[in-house]
2 protein chains.
Amino acid sequence: MVSFMSPAADTPDATPPSPGRRGRGRPRKTADERDDGNRRQDLLRAAARLFRLKGFAATSTRDIAAAAGMRSGSPFYHFENKVALLAAVMQEGMERALVRQQAAMDAASAAARAQGRTLSARECLRVLVRNQFDLLLGPESDFIPVMLYEWRSLSDAQRSEVTRLKDVYELVWAPVLHALHASGEMAGDPGVARLLLFGALNWSAQWYDPARVGQGGYSLDELADIALQLFLKPPS
Amino acid sequence: MVSFMSPAADTPDATPPSPGRRGRGRPRKTADERDDGNRRQDLLRAAARLFRLKGFAATSTRDIAAAAGMRSGSPFYHFENKVALLAAVMQEGMERALVRQQAAMDAASAAARAQGRTLSARECLRVLVRNQFDLLLGPESDFIPVMLYEWRSLSDAQRSEVTRLKDVYELVWAPVLHALHASGEMAGDPGVARLLLFGALNWSAQWYDPARVGQGGYSLDELADIALQLFLKPPS
DNA sequence: CCTACCGATCGGTAGG
DNA sequence: CCTACCGATCGGTAGG
């Protein structure tokens, strides 16, 4: 890219605003869109996508602004600085994850209760694993991978807030894994087993291709089944 | 950091060379050190450490130069550009990994042969897993994590060369996993099982702390044992 | 391998 | 949220 401007001046933005252009430009915003937090949400979504794709350090705030249909300075109206935007992506991701994990467990529990029984530890694990694959690989799945792979860029204070949310998330897993260990369905120290299991699941963000589900690729349901077969011993 | 120089001029380097200083400066190099590829190796080691610690995009070539005891322009005498340095770290890491994996397998095979027997698939997996923990977490273990977590920064050509080496590395695992699957010691499609297993192992680079081995932390041997317990069914 | 430097980009800001 | 801009840093290079 060659700049024809004097070296002292920035190229103002990728596409300078030509007052006379018609249509085709940034879409006119209705009052609705402008009022609520849509613009902030747009920024978060764009940032999550780019941070996942290129990494935090390799993504410029200009890239994010452009992806959200803004000019280069505008993200700083919504976020104090670049790393605050990253922290917001992670917190948003973890809060969504917590909500969806709780909803998945509640739904499965209710279904079992309707049959007059309770969930086995094995069934709980299946629900948790399936839900985690969805968080990692399903639609709107940029937030969690960013949290997993970019936390070193946070400040200490931001990191401990994200860690707190992550601990709450993992709290649901602990009793399930302990029960499976106690019944002999899962071997190895449960603390280490949890870390190895999370590794197996989280790594899928690096290789899974949702586009291949039809052509020889496994669905998220099949993936969860395979993971459970691999990690659990046959019930006795 | 405040610069007192005119804005047109860079601060030449962190510590400008004062001709009169004695001792304490960059160590005088002997002819030996200057002749062979030591300086290039120093750069690779420094780059691996910093890329692992801060990530590729967040590490400047100046950081790397300083860590190797050079001035800011000198890395480009050894490497064409920054990403070529990253590619060299990864190739070096993969080549070492291949050598060490082969050596570990050969040593285990020889030991078994001395007892007049051959290795079981289970024993092979134990050797491979233990060796991978060493590559990821042992001494000089910066190269492989960089390869695992920074490959998106490579050009397509560089990426396919690293992928080729990685495929050779994984080629050793395939027959072992197939044998374990055939004997019923490992469940789930072997292709997916391999990805899940690698995930479990590779993720350890994110949480394992070698300093805690004495105080409640597991050694690499213990870790390998736990992983095998977790992933394999009892032998029949 | 160092010196001295360039052009580009980047995070961020004042003022509207 | 845009305009116009600043100061700093960064990858990289010519010449020795």
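Atom set for the values below is all heavy atoms of this structure, side chains included, hydrogens, waters and symmetry mates excluded. Proteins get letters first, then strands, A, B, ... in listed order; numbering begins at 1 in each. Everything quoted here is computed from the prediction, not taken from an experiment.
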Test item: side-chain donor near acceptor, B:R52 and B:S141, under 3.5 Å: yes
Residues A:R159, A:D156: salt bridge by 4.0 Å N-O rule: yes
Distance in angstrom units between A:Y77 OH and D:dT3 C1', rounded: 16 Å
Secondary-structure stems, DNA chain C, at least 3 Watson-Crick or G-U base pairs under 3.5 Å: C:1-16 with D:1-16
Between C:dG12 (C1') and A:L85 (CG): distance, integer Å: 13 Å
Per A:S60 side chain, nearest of listed nucleotides C:dC10, D:dT13, C:dG12: C:dC10
Nearest-nucleotide comparison on DNA chain C, the residue closer to the 5′ end among A:E80 and A:A58: A:A58
CE on A:M94 to OG1 on A:T163, rounded to 0.5 Å: 10.0 Å
Summary of ring pair (Phe, Tyr, Trp, His ring centres under 6.0 Å) pairs that have at least one residue in residues 46-65 of chain B, sequence neighbours excluded: B:F51-B:F56
Residue list, side chain to side chain donor-acceptor pair (under 3.5 Å) with B:R96, at least two apart or on another chain: B:E92, B:E140
Distance in angstrom units between B:N81 CG and C:dA8 C1', rounded: 16 Å
Separation of C:dC10 C1' from A:F56 CZ (nearest whole Å): 12 Å
Interatomic distance, B:F76 CZ vs D:dG12 C1' [rounded to whole Å]: 5 Å
Check: B:Y149 ring centre within less than 6.0 Å of B:W203 ring centre: no
Any B:W173 side-chain heavy atom under 4.5 Å of B:L197 side chain: yes
Side chain of A:R62 (C-beta onward), nearest among C:dC2, C:dG12, D:dG12: C:dG12
Whole angstrom value for the distance that separates P of C:dG11 from CZ of A:R71: 17 Å
B:M70 CE to D:dG12 P, straight-line distance once rounded to whole Å: 16 Å
Whole angstrom value for the distance that separates P of C:dT9 from NZ of B:K82: 15 Å
